[in-house]
Amino acid sequence: MSETTKNMTANQPEQRELRYEPQRIEEKWHARWEADSTLYAAEPHDSKRKKYYVLEMLPYPSGALHMGHVRNYAIGDALARFMWMNGCNVLHPMGWDAFGLPAENAAIKNNVPPRQWTLSNVAHMRAQMKRLGFAYDWSREVTTCLPDYYKWNQWFFLKLYEKGLAYRKKSKVNWCPECATVLANEQVVDGCCWRHEETQVEQRELEQWFLRTTNYSEELLAGLDKLEGWPEKVRTMQRNWIGRSEGASVDFKIDGPIGGAGGKITVFTTRIDTIFGATSIQLAPEHPVVAGLIGNDPHLHSKVEDLVREQARAREAGDVGAIEKHGVFTGRYAINPFNQEKIPVWVANYILMDYGTGAIMSVPAHDERDYEFAEKYGLEIRIVILPRRIGGPLAHGQPESPVLPYTEKESLLINSGEFSELSNQEAIEKMTAFAEKNGFGKRTVTYRLKDWGISRQRYWGTPIPMLYCEKCGVVAVPEKDLPVLLPDNVDITLQGGSPLGRIPEFVNATCPRCGGSARRETDTMDTFVDSAWYFYRYTNAQLADRPLDTATVSYWFPIDQYIGGVEHAILHLIYSRFWTKFMRDLGLVRNDEPALRLFTQGMVIKDGAKMSKSKGNVVSPDDMVAQFGADSTRMYSLFATSPDRELDWQEAGVEGVHRFLGRAYRFVMRNAGAVHGSQGRDGARSAELSPKCRQIERKLHQTIKRVTKDFQGRWHFNTSVAAIMEFVNELYGAEDEISFGRFPQELLADVQRRLVLLLAPFAPYLAAELWEVLGATGSLLRHPWPAFDPALAEEDQITYAVQINGKLRSHVVLPAESPEDLVRERVLADEKVRAAIDGKQVAKVIVVPGKLVNVVVR
RNA sequence: GCCGGGAUGGCGGAACUGGCAGACGCAGCGGACUUAAAAUCCGCAGGGCUUAAAAGGCCCGUGGGGGUUCGAGUCCCCCUCUCGGCACCA
């Protein structure tokens, strides 16, 4: 037992002093930071510091923070603090995604106005964040439900409208009965609402406002290749969502007259090389040409209607792929322009109106779906493609048939007129050119991405700034009349369409063009509009006459590091990329992409399941802070696993981190005196140190090296924290050395200062407290990150692991600089090694410098 | 069906370009301190066999099976389970 321990336990008051009490420390600093407005402020144009913009996705103010938030912000805050300490001018803001349906639900349930409910949640959650000690620049706070923010949503909408990028159309839309509103395609998950996972989405026909995201399809796709700092997973998800498909559209003339216009059916195909194998045309049930084709036949009419209904039902069930394929023959024929062949025209339930042209050429031999359909109805299956290995030159008579359907592209054409014997690639080229030259087809690129429907039949959102005048039609609200204020005192129910429509003072307006009476648009915008550009507003949150200042934005953008959940991979992260491109085209910003690097942290789970109220496994951050303190709560969320992985919350683990912080605290409290006696000289001369002290010094430099590398590279903060723990353990091992005065004061002072600096990004409260204990002044955020000396981090002795035939048999300790020959000699001289190779022949000795020796014997 | 993660002690997880598997933490066990407890401090600890016991020694061990290599948790091939995402996209 050490002297210090003896003294400590004998002396009661001192013991109390050495107790780590996070509540006392954290409340003290919490109060100081609240008053210290300069502490976190980022100066916009500090030429001496390099800018760094670190951003966490802004939360919805649902009422209280959950552990997922804490984890997300703990990662961002550690990085922000690290970047400050590395000399950067850091922008680290926070805000509130404050519009949305839960506020309306709360209004109905508790009879509280949405504004009040939302703003009180904001106040509570802001207080929680401050208590957790996140270093946000609160002077830039953005709350999207306030007019000084949503005014600019309306302003952007007018710009989009001006440029033809916002338009109104009647269309089939996804309707969530629970939300009583329309949802965008991105917000439908497995046929259900993204908010109500149990509620099936219905299809309704409504007049809606759309934004032309598809104008940027190609750029949104191409840009992904350059986003190397984004997770491959997210890039893949976006690529699939955009769904670019290269092919050709080909016109098939309809044989004989049809009712109305047309006379042809245009199909889209990616496999024009198989067109000689087309044995029917398949139309989507809602294809406009169908009505003309089937004429007045009541039987066919009802059949087609059945197909329409079936598709709608399947879409609502979210299981479009699972329904059994079937269809109906229209009795009509179309002509294949390549061989003038007459083929039957069918209507089928597996053809979607909203993809491609809503019509396909059916090639049963070379498409799985067409094959299934043709088998069922006995349609002709004609092979026009052979695998290359079977194919070859066709000189040796008829080759064997491939297994059908044969869909591979490594192939060769047969039975295709002048195109026979071409490779699949050549055929696609030549046949497309042939179609273009003869005017019945062209190269076509199709995307799965649709325009973004933003109308919502809800109250708590940004009013769409449009008017409907009896004389002038659709009229935009003039810019000078913005914002169109969202009225208070609205009776909210989930029935009867937009709540705003029931407020005459809101609805009735004057047409700005003719002065006559007009009706206001009563739908509000999708809340994803709010989050599509909020991070630009942070750069100048109070700007009154413009949404943003281009010069300021150009300084800060693109965001250096964006951090959030992967669940936004295709919603928010596509919308905000679209918005950035639109803003760039307006000349407002100069960057093409909002964020250079994206990090998606893993979920927080407990007992193997996602934390949720229904499962009763929710852990409240407030409880954790009350029990163990903010530092322990935050640090545990970084220590439990690496940030990209799922985190299994274990309360005992938080306690463990709390114990560790207590150890660090007590060490500094006991030894801070050394700092005051050392005259502030950093470091001691290594050569004069005792082995134990040299070991501490070495460990110090190794620890700084490891933590620094983790920040710069993989972000495995769990190993950073483990390294700091190891270091503190090492310090405890030297307590006798210290208490007997064998530990140089300079080194002891240096060790403590650097330990506190290492803790600063992870446990900011404790770091601030100990920094003060050590007699230092000024914010840790402005203090340089500790450097390490690679030479001092080097080991001077190395324990070589010795293997015989790959099995560990011994250890040999040698000086670090030992040449290979010496290592070999000493290893072979080792007693255990000699015993193990006794009587056998040494075939080979492999020396891995600094690590291991493997002796191969026979 | 397609794409992408993951599987390591009782638990969370380490092991960076192939080189001592299990760092660090939790739970556990033992000890010190205490009238006692808490707190704290120190130590032990993958499984098995050998041994009176300990030291020591040996064998097995990173989801399963094969392979490459002096050497594989790590690389290659096949398979199982699991978690995400997409899915009649022509």
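This structure is a prediction, so every number in the text was calculated from the model and none was measured. Letters A, B, ... mirror the listed sequences (proteins, then strands); counts begin at 1.
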Worksheet item: Do you see a donor-acceptor pair shorter than 3.5 Å between the side chains of Arg448(A) and Asn240(A)?
Response: no

Discussion item. For Glu368(A), I'd like to know if atom CD has over 12 heavy atoms of other residues, nucleotides or ligands within 6.0 Å.
Written reply: no

Practice prompt. Describe the nucleic acid contact of Lys832(A) in one word from base, sugar-phosphate, nothing, applying a heavy-atom distance below 4.0 Å.
Written response: sugar-phosphate

Discussion item. Regarding Glu646(A), tell me which of base, sugar-phosphate or nothing describes its non-hydrogen contacts under 4.0 Å with the strands shown.
Written reply: sugar-phosphate

Item to complete: Please check if atom NZ in Lys376(A) has more than 12 non-hydrogen atoms from other residues, nucleotides or ligands closer than 6.0 Å.
Response: yes

Discussion item. Expressed as a whole number of angstroms, how long is the span from His658(A):NE2 to rC24(B):P?
Written reply: 21 Å

Fill in: Any N/O donor-acceptor pair, Asn854(A) side-chain to rC70(B) base, under 3.5 Å
yes

Practice prompt. Give one of base, sugar-phosphate or nothing for Arg858(A), where a contact means two heavy atoms less than 4.0 Å apart.
Written response: nothing

Worksheet entry | Heavy-atom donor-acceptor pair, His811(A) side-chain to rC20(B) base, under 3.5 Å | yes

Response to the item:
note: Arg706(A), atom CZ; rA14(B), atom P; distance rounded to Å ~ 12 Å

Item to complete: Please work out if Val856(A) contacts a base, only the sugar-phosphate, or nothing of the nucleic acid, heavy-atom cut-off 4.0 Å.
Response: sugar-phosphate

Item to complete: Answer yes or no: are there more than 12 heavy-atom neighbours, outside Arg239(A) itself, under 6.0 Å from its atom CZ?
Response: yes

Worksheet item: Between rC24(B), rA14(B), rA90(B), which nucleotide gets closest to the side-chain atoms of Arg369(A)?
Response: rA90(B)

Worksheet item: Among rG85(B), rC58(B), rC70(B), which nucleotide sits nearest the side chain of Met237(A)?
Response: rG85(B)

Response to the item:
Ile574(A) CD1 to rG85(B) P, in whole Å, measures 16 Å

Worksheet item: What is the distance, rounded to the nearest whole Å, between atom CD of Glu368(A) and atom C1' of rA87(B)?
Response: 12 Å

Discussion item. Around atom CZ of Arg826(A), are there more than 12 heavy atoms from other residues, nucleotides or ligands closer than 6.0 Å?
Written reply: no

Item to complete: Check whether any side-chain N or O of Tyr732(A) sits under 4.0 Å from OP1 or OP2 of rC41(B), and answer yes or no.
Response: yes

Worksheet item: How are the rings of Tyr732(A) and Phe667(A) set to each other: parallel, tilted or perpendicular (split at 30° and 60°)?
Response: tilted

Item to complete: Between rG25(B), rA90(B), rC88(B), spot the one nearest the side chain of Ile360(A), thanks.
Response: rA90(B)

Discussion item. Nearest to the Thr269(A) side chain among rG19(B), rA90(B), rG12(B), which nucleotide is it?
Written reply: rA90(B)

Worksheet item: Lys807(A) has a side chain; which of rC88(B), rG12(B), rC59(B) sits nearest to it?
Response: rC59(B)

Item to complete: Just say parallel, tilted or perpendicular for the rings of Phe276(A) and Phe338(A), cut-offs at 30° and 60°.
Response: perpendicular

Worksheet item: What stem regions, each of at least 3 consecutive Watson-Crick or G-U pairs below 3.5 Å, can be found for RNA chain B?
Response: B:1-7 with B:80-86, B:10-12 with B:24-26, B:28-32 with B:40-44, B:46-50 with B:56-60, B:63-67 with B:75-79

Fill in: Separation of Arg577(A) CZ from Thr213(A) OG1 (nearest 0.5 Å)
12.0 Å

Fill in: Gap between atoms CG and C1', on Leu449(A) and rC86(B) respectively (whole Å)
15 Å

Practice prompt. Among the candidates rA90(B), rC89(B), rG13(B), find the nucleotide nearest to the side-chain atoms of Asn718(A).
Written response: rG13(B)

Discussion item. Under 4.0 Å, counting only non-hydrogen atoms across every strand here, what does Ile351(A) touch: a base, just sugar-phosphate, or nothing?
Written reply: base

Worksheet item: Just how far, in rounded Å, is C1' of rC41(B) from CZ of Arg666(A)?
Response: 9 Å

Worksheet entry | Rounded distance (Å) that lies between atom C1' of rC58(B) and atom CG of Leu808(A) | 13 Å

Worksheet item: Looking for any heavy atom pair under 4.0 Å, which part of the strands does Ser642(A) touch: base, sugar-phosphate only, or nothing?
Response: sugar-phosphate

Worksheet item: Distance between the P atoms of rC11(B) and rG63(B), in whole angstroms?
Response: 13 Å

Worksheet item: Do Asp451(A) and Thr214(A) get their side chains close enough for a donor-acceptor pair, meaning under 3.5 Å?
Response: yes

Response to the item:
Regarding the side chain of Asn349(A), the nearest nucleotide among rG12(B), rC88(B), rC70(B) is rC88(B)

Worksheet item: Across the strands shown, which category fits Glu726(A) at heavy-atom distances under 4.0 angstrom: base, sugar-phosphate, nothing?
Response: sugar-phosphate

Discussion item. Which nucleotide wins on minimum distance to the side chain of Arg659(A), given the candidates rG12(B), rG19(B), rU40(B)?
Written reply: rU40(B)

Item to complete: For rG85(B), measure the glycosidic angle (O4'-C1'-N9-C4 for a purine, O4'-C1'-N1-C2 for a pyrimidine) and name it syn if it falls within 90° of 0, otherwise anti.
Response: anti

Item to complete: Hey, can you tell me if Tyr355(A) and Phe268(A) have their rings parallel, tilted or perpendicular (30° and 60° cut-offs)?
Response: perpendicular

Item to complete: From the options rC20(B), rA7(B), rA87(B), select the nucleotide whose nearest atom is closest to the side chain of Arg645(A).
Response: rA7(B)

Item to complete: Please state whether the phosphate of rA90(B), meaning OP1 or OP2, lies under 4.0 angstrom from any side-chain nitrogen or oxygen of Ser245(A).
Response: yes

Item to complete: Mind checking Gly243(A) for me? I need base, sugar-phosphate or nothing, with any heavy atom below 4.0 Å counting as a touch.
Response: nothing

Worksheet, complete the sentence: Side-chain contact check for Asn729(A): nearest option of rA15(B), rG12(B), rC24(B) is rC24(B)

Practice prompt. Determine the contact category for Lys709(A): base if any of its heavy atoms lies under 4.0 Å from a base atom, sugar-phosphate if only primed atoms, P, OP1 or OP2 are that close, otherwise nothing.
Written response: nothing

